[in-house]
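One structure below.
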Protein chains: 2
Amino acid sequence: MPQSTEISSLTINRLSVYLRGLRALQSQNIQRISSSEMARRFQLSAAQIRKDLAQFGELGIRGVGYDVSHLRQKLESQLGLDREHRAVIVGAGNIGTALARFPGLNSGSFKVVALFDNDPSRIGDDLGELKVSSSQDLKAVVRETGAEMAILAVPAEAAQENYEALADAGIKAVLNFAPVQIKERPETRVKTVDLLIFLEELASTLR
Amino acid sequence: MPQSTEISSLTINRLSVYLRGLRALQSQNIQRISSSEMARRFQLSAAQIRKDLAQFGELGIRGVGYDVSHLRQKLESQLGLDREHRAVIVGAGNIGTALARFPGLNSGSFKVVALFDNDPSRIGDDLGELKVSSSQDLKAVVRETGAEMAILAVPAEAAQENYEALADAGIKAVLNFAPVQIKERPETRVKTVDLLIFLEELASTLR
DNA sequence: GATTGTGAATAGATTCACAGCT
DNA sequence: AGCTGTGAATCTATTCACAATC
């Protein structure tokens, strides 16, 4: 039964987890798996997995389980990972350069195509495949490369204005590492990841 | 009315957001604020803010609002941020070194006291205040420094074993950046932050 | 016999709306 | 008059349990 209603972000995040697991299974040449076996492997409930998966059709075979490769393809297309997504990084400080070098961002469906900074002393620096470009060239580079996504790794004060520039350049989705609430425009989604909040959550368990 | 029941992690995360906002207010010398004004400033609902805050006592004054400084202290103590938390970083690769240099981790209640790697060629490298230490010294350094928290920034394959070593060394809470499900021990909490999952969530909106 | 897909039950989180203070 | 604290209502998510299917 195809989904009529929007899939929640909680579910989407679990799909990513399932996908990761399925890839691992495939590399071990495992072709079929049951929901309960998946549940055991990645600490979730079998009913939850079945509910999640049932949202986009009858993917499993009753009495048998799920076909690993078929399920993987289905999840990839559902998550929009069946094609390449080009991304730019804005901010060539610690986090920006670390992410630019992070292998996970250049394998699979994501590809970092540019790294921007507005500090003239950084422009031109070499990072493997990439050179640091001037923020002034943002619009042109986005147009040329067809980038749709951006990672925002600038200081908190500069986050909103850089978000605006990204939205103006036609970027559709932004992963923001600055610890501020970005005022969002309808055409450019933001997801903020605040590392301190994670640490604070952990600290609160240390009472 | 004091909380009898556990506070959910959703709530804890919002408390961090409130706290951040309160600090900003305080630096603008604002002494009192209402739930609706907080809601306006950081895009949340006023009722939610009141519910969250009411969990640990009658913090506000009816007809008036909340006292910024009092509320801030209360939240800090609730989140365990009224004292210093020492943390070690394991893994001096891209992400580990970026975090070691990240100012947010050394202001406020957190302090990075050591950075470990098991690659001999990296040991001894200088990073501002810190030198890269050998993973073999983990236990001793944790004992000497009194670190309670750790940031795990090693490759996926090495994450579980390093977690075990941290748990053995007496670390109580671990923020894990490796894209794997860590098998947790009761005495050492883990929070996994998987950057690819965030990107995948964004990508799924780009259909 | 095994395992999915799913309606019903439960649990959890958010919003509403208003009584109760200041 | 204004704003908090909170029970009740609503909405969302998870788990249960079993009929349907292979």
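Proteins come first, then strands; the chains are lettered A, B, ... in the order of their sequence lines, and each starts at number 1. What you see is a predicted model; the values in this text were computed from it and never measured.
Counting only heavy atoms from C-beta outward, the side chains of A:L195 and A:I197 never approach each other to under 4.5 Å. By the 4.5 Å heavy-atom criterion applied to side chains, A:M149 and B:L206 are counted as neighbours. Side-chain contact between B:L196 and A:L105 is present, with heavy atoms from C-beta onward closer than 4.5 Å.
Under a 4.0 Å N-O distance rule, the pair A:E200/B:R20 qualifies as a salt bridge.
Distance CD (A:E58) to C1' (C:dT3): 13 Å, rounded to an integer number of Å. Summarising the geometry, the separation between CG on B:D67 and P on C:dT22 is reported as 16 Å, rounded to the nearest angstrom. One interatomic measurement links the two molecules: CD of A:Q55 to P of C:dT4, which rounds to 16 Å at whole-angstrom precision. The nearest whole Å value for the distance from the CG atom in B:L59 to the C1' atom in C:dC21 is 16 Å. To the nearest angstrom, C1' of C:dT3 lies 13 Å from CD1 of A:I49. Rounded to an integer number of Å, the gap from CZ of B:R50 to C1' of D:dG2 is 11 Å. Separating the CD atom of B:E37 from the C1' atom of D:dG2 is a distance of 14 Å, rounded to the nearest angstrom. Protein atom CG of A:D52 is 10 Å distant from nucleotide atom C1' of D:dT14, rounded to whole Å.
Between B:Q48 and the phosphate of C:dT15, there is a side-chain N or O to OP1/OP2 separation shorter than 4.0 Å. The side chain of A:S45 contributes no N or O atom lying less than 4.0 Å from OP1 or OP2 of D:dT14. An OP1 or OP2 oxygen of C:dT14 is reached within less than 4.0 angstrom by a side-chain nitrogen or oxygen of B:R14.
Heavy atoms of B:R32 sit nowhere under 4.0 angstrom from any nucleic acid atom. Heavy atoms of B:T11 sit nowhere under 4.0 angstrom from any nucleic acid atom. No contact: A:L53 has no heavy atom under 4.0 Å from any strand. Within the nucleic acid shown, A:S36 has no heavy atom closer than 4.0 Å to any nucleic acid atom.
The environment of B:Q26 atom CD is dense: over 12 non-hydrogen atoms of other residues, nucleotides or ligands sit within 6.0 angstrom.
Nearest to the side-chain atoms of A:L10 among the listed nucleotides D:dA13, C:dT3, C:dG5 stands D:dA13. Of the candidates D:dT4, D:dT6, C:dT4, the closest approach to any side-chain atom of A:Y66 belongs to C:dT4. Closest to the side chain of A:I61, out of D:dC22, D:dT4, D:dT6, is D:dC22. Checking C:dT6, C:dG20, D:dA20 against the side-chain heavy atoms of B:R62 singles out C:dG20 as nearest.
Taking 3.5 Å as the limit, the base of C:dT14 and the side chain of B:K51 contain no donor-acceptor pair of atoms between them.
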